[in-house]
There are 2 protein chains.
Amino acid sequence: MNKRKATTLKEIAKKLDISISTASRALNNHPDISDATKEKVQQLAEKLHYSPNLFAQGFRTQRSHILGVIVPNIAHYFTSTILKGILEEAETKGYKVIVSESNNNENKQSEMLRTMSQFGVDGILLALSRKTTSVDSILNTLDTVPLVLFDKVSHKIPCTQVVVDEEIAAFNAVEHLINTGKKRIAIIKETENSFNSEKRFAGYLRALKEHHIEVDKKIILSTEDVSLYKGRMMTNILLSLKERPDAIFAITDTAAIGAIKALHKYNIKIPEEIAVVGFSNSIHATIIQPSLTTVDQPGEKIGKTAVTYLIKEIESNKNEITTKTVTVKTHLIVRDSSFKV
Amino acid sequence: MNKRKATTLKEIAKKLDISISTASRALNNHPDISDATKEKVQQLAEKLHYSPNLFAQGFRTQRSHILGVIVPNIAHYFTSTILKGILEEAETKGYKVIVSESNNNENKQSEMLRTMSQFGVDGILLALSRKTTSVDSILNTLDTVPLVLFDKVSHKIPCTQVVVDEEIAAFNAVEHLINTGKKRIAIIKETENSFNSEKRFAGYLRALKEHHIEVDKKIILSTEDVSLYKGRMMTNILLSLKERPDAIFAITDTAAIGAIKALHKYNIKIPEEIAVVGFSNSIHATIIQPSLTTVDQPGEKIGKTAVTYLIKEIESNKNEITTKTVTVKTHLIVRDSSFKV
DNA sequence: CTGAAAGCGCTTACAG
DNA sequence: CTGAAAGCGCTTACAG
């Protein structure tokens, strides 16, 4: 299959008896070229279905108009939502998007960064894999190609980072519980201090503090992966406590759903006995019974924002590295797993 | 940001005082080159972190090693699952993947096909947008670049198509209901005859026929988009019937979940009064109460298979077009929305 | 306003 | 076993 007998600039130039340079410039609307010539060239190009060989162009100009995206897991709903935003924004700006999955594997992530920069993408969008401990490979690629971090970020990397207002969102979620009369609010968070978990925990603490509620370590539970299964397990632990909590704030929707499943098992009334709040507004949130109160994270907006900043960096040919955290707003969606105020 | 001061072949050649040609060949393990030279070159290349400029290489060889993927909606779970398979297989075969969303918009789909083929992808993976009526633009790109259809396919397009054993899967699902004693099985399907809907309906009919159950048009419901909302509506209709069905086979998990929600509302016991079976094994299937009996479609396998066939076509430089339907097996997962046999 | 020429980094017939 | 040279299709200083 090698029929790609595309029209080239040369052919156009020949037919019109002009030079290739002129043809090229006419097509690119160069101010030097006369209107008459431009029209002539552009018409013929149209007629012949001319389209520039983007590979030649990219090779020549050292600009591929390709953006590389690396995410831990593409089948994660929130991630695919961000990707949607990335694709849309990139397309309107005239960029193509190459996608890769790190599978939460740090080595793979490093390798992908290398491959992508070597491939010649104009910029990279990265959501850090879990437990990214060695930042070296990232700093390295940062030297060669613009890079923007989103969702899973780290302040150890000096670059633009697009995140959600994690701390405020968590604060609002917990305050909402307090406002509905809950006084003993448990949290299910991550063991390792990821950026997200840390911020959400900080929001939790601040809400308690501002409302003069004492922190009780017995109802602060940590787990390595905040999964449905772990949500269940943690909730079982909470239920075994002498003083049960009257609300659970899970740092993740899946863990919140695990909590709900555990509460179901013990026939505990939600939200009367124990309210549950999640984080993410995943698609499950309205499938589960009762529907889940949770923080809505605007995935598409995050994606679009990340692309916008990345392209800005690409097109401002400055060699400097921007360190800047862009925060996208979230809002709490109150559903049936907590009381309305 | 233009520090990409990558090592080039020229530099390597110069340092070793050999020609660029030799350096190139040494790196590519060309049989003509002596082992001594090869080693020398490869060692230096390693030391200098040489990596070929893939754009130059692609430009020269007319091979980009990029695959283009076009899907209706990337945030659809099943789709993201397929994508996962595509990414993985492509990576192991040394291809990058450009992803685009058609948003179920036929014009956009055509445009993307054009852009991709003009961009110079080596092959295209396409899941048809809903209501793709005009096949022309697809036939056109089929002339210029290998293309494989997956999931949403059409036999109007002469190319390799990777699908699931839709008819058999539906047959098994309906037969399962029959085996558990259900006699009056409703179906919720699509109005327009998409490939998927048509096959699943055929499987439904065959199961009834083989078990000598009469077809009753009153419990064959069609809707344009087989969504959760529509699943609910259709179920309401079924419940208003004089002779209610004792089972519902929804062509889609989301519609099945809509059905379950509607049945909940009327306090109808699942599966005792009415059993429900879906299709897809979406992530919701175990979140909903009762958990959903459904057909598991191996998304990753579909993705991998599609890539395998596409690359085969790309690398066999034959100019001929293969028309071939590859079927990936599914299996029924029996959960709580239907009886175990 | 237009053209000749160099060159982006690589591969590959051709020659020896 | 190695090298000189052409060329992939384009853009862009330079010259006029």
Side-chain angles (χ1 to χ4, degrees), chain A residues 2-42 44-45 48-66 117-122 144 317, chain B residues 2-42 44-45 48-66 94 117-120 122 144 317:
Chain A
N2 21 16
K3 309 192 194 173
R4 203 175 306 146
K5 44 163 183 67
T7 323
T8 66
L9 265 191
K10 204 171 161 186
E11 283 165 47
I12 292 185
K14 197 173 205 172
K15 289 210 182 171
L16 256 29
D17 208 29
I18 56 175
S19 75
I20 298 178
S21 332
T22 305
S24 168
R25 282 191 273 249
L27 247 13
N28 293 323
N29 243 312
H30 191 104
D32 271 4
I33 304 296
S34 73
D35 287 353
T37 310
K38 276 184 191 170
E39 186 148 338
K40 221 168 49 175
V41 174
Q42 285 170 7
L44 185 62
L48 264 47
H49 296 109
Y50 170 76
S51 60
N53 177 324
L54 298 190
F55 252 77
Q57 218 170 317
F59 172 49
R60 177 58 231 256
T61 59
Q62 306 283 34
R63 287 281 300 282
S64 61
H65 281 264
I66 298 180
S117 105
Q118 136 189 178
F119 183 78
V121 298
D122 285 349
T144 70
N317 282 301
Chain B
N2 21 15
K3 308 193 198 173
R4 202 175 305 142
K5 42 167 186 63
T7 323
T8 66
L9 265 191
K10 204 170 159 188
E11 285 165 45
I12 293 186
K14 195 172 206 174
K15 288 209 183 173
L16 256 32
D17 207 30
I18 57 176
S19 74
I20 298 178
S21 334
T22 304
S24 169
R25 281 191 273 250
L27 248 11
N28 293 322
N29 242 314
H30 190 106
D32 271 4
I33 304 295
S34 74
D35 286 352
T37 310
K38 275 186 193 169
E39 185 148 342
K40 219 169 49 174
V41 174
Q42 285 169 8
L44 185 62
L48 264 47
H49 296 108
Y50 170 77
S51 59
N53 177 325
L54 298 190
F55 251 77
Q57 215 169 314
F59 171 50
R60 176 60 230 256
T61 58
Q62 307 285 31
R63 288 280 300 283
S64 62
H65 281 265
I66 298 181
S117 106
Q118 141 191 172
F119 182 78
D122 285 349
T144 68
N317 283 301

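Everything quoted here is computed from the prediction, not taken from an experiment. Throughout, protein chains are lettered first and strands after them, A, B, ... in sequence-line order, and every chain is numbered starting at 1.
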Next item on the list: With a 3.5 angstrom cut-off on both distances, give the Watson-Crick or G-U wobble partner of C:dC14, or none if there isn't one.
Entry: D:dG3

Notebook entry, point to check: Hey, is NE2 on B:H49 packed in by over 12 heavy atoms from elsewhere, all under 6.0 Å?
Noted result: no

Next item on the list: Give A:T8 one of three labels, base, sugar-phosphate or nothing, depending on what nucleic acid heavy atoms sit under 4.0 Å from its own.
Entry: sugar-phosphate

Notebook entry, point to check: Is the shortest side-chain N/O distance from B:Y50 to OP1 or OP2 of C:dG9 below 4.0 Å?
Noted result: no

Item checked: Touch class at under 4.0 angstrom, heavy-atom based, for A:D32 against every strand present -> base

Notebook entry, point to check: Picking from C:dG9, D:dC10, C:dC14, which would you name as closest to the side chain of A:Q62?
Noted result: C:dG9

Next item on the list: Using whole Å, report how far CG of A:L9 lies from P of D:dG9.
Entry: 10 Å

Notebook entry, point to check: Distance-only, no hydrogens or angles: does the A:K38 side chain make a donor-acceptor pair with backbone N or O of A:H30 under 3.5 Å?
Noted result: yes

Item checked: Nearest-nucleotide 5' precedence on DNA chain D, B:D35 against B:T61 -> B:D35

Margin query: Need one value for A:S24: base, sugar-phosphate or nothing, where a base atom within 4.0 Å counts as base even if backbone is also close, heavy atoms only.
Written below: base

Item checked: d(CG, B:D17; P, D:dT2) in whole Å -> 13 Å

Margin query: Tell me whether A:F59 and D:dC10 count as stacked here, given that the ring centres must be under 5.5 Å apart and the planes must differ by less than 30 degrees.
Written below: no

Next item on the list: Whole angstrom is fine here: how far is it from CG in A:N28 over to C1' in D:dG9?
Entry: 13 Å

Next item on the list: For A:S21, answer base if it contacts any base atom (sugar-phosphate contacts may also be present), sugar-phosphate if it contacts only those atoms, and nothing otherwise; contact means non-hydrogen atoms under 4.0 Å.
Entry: base

Note to self: Rounded to whole Å, please give me the gap between CD1 in A:I33 and C1' in C:dG3.
What the structure shows: 10 Å

Notebook entry, point to check: So, the side chain of A:T7 versus the backbone of A:L48: is there a donor-acceptor pair under 3.5 Å, distance only?
Noted result: yes

Margin query: Between C:dT12 and C:dG16, how far apart are the two C1' atoms, rounded to whole Å?
Written below: 16 Å

Check: Counting side-chain heavy atoms from CB outward, which of C:dA4, D:dG3, D:dC10 is closest to A:S19?
Finding: C:dA4

Note to self: What verdict does the side-chain contact (heavy atoms from CB on, under 4.5 Å) test give for A:K40 and A:L16, after you've listed the backbone C-alpha separation in whole Å, the side-chain angles of each residue and the deciding distance to 0.1 Å?
What the structure shows: CA-CA 8 Å; A:K40 221 168 49 175; A:L16 256 29; 4.2 Å; yes

Notebook entry, point to check: Which whole-number value in Å describes the distance from A:R25 CZ to D:dT12 P?
Noted result: 9 Å

Notebook entry, point to check: C:dT2, C:dC10, D:dG9: which one has an atom nearest the side-chain heavy atoms of A:N53?
Noted result: D:dG9

Notebook entry, point to check: Tell me: NZ of A:K38 to P of C:dC1, nearest whole Å?
Noted result: 9 Å

Next item on the list: Return the value, rounded to whole Å, for the distance between atom CD1 of B:I18 and atom P of D:dA4.
Entry: 11 Å

Checklist line | Passing candidate, side-chain contact (heavy atoms from CB on, under 4.5 Å) with A:L9, options A:L27, A:V41, A:T22 | finding: A:L27

Next item on the list: Return no unless some side-chain N or O of B:T22 is found under 4.0 Å from OP1 or OP2 of D:dC1.
Entry: no

Next item on the list: Ignoring backbone atoms, establish whether B:T37 has a side-chain N or O less than 4.0 Å from OP1 or OP2 of D:dC1.
Entry: no

Next item on the list: To the nearest Å, give me how far apart CD (B:E39) and P (D:dC1) are.
Entry: 14 Å

Note to self: For a quick check of understanding: with a heavy-atom distance under 4.0 Å over all strands, which category does B:I20 fall into, base, sugar-phosphate or nothing?
What the structure shows: base

Notebook entry, point to check: So do B:N29 and B:Q42 actually touch side chain to side chain, heavy atoms under 4.5 Å?
Noted result: yes

Next item on the list: Among C:dG9, C:dT12, D:dC10, find the nucleotide with the atom closest to the side chain of B:A56.
Entry: C:dG9

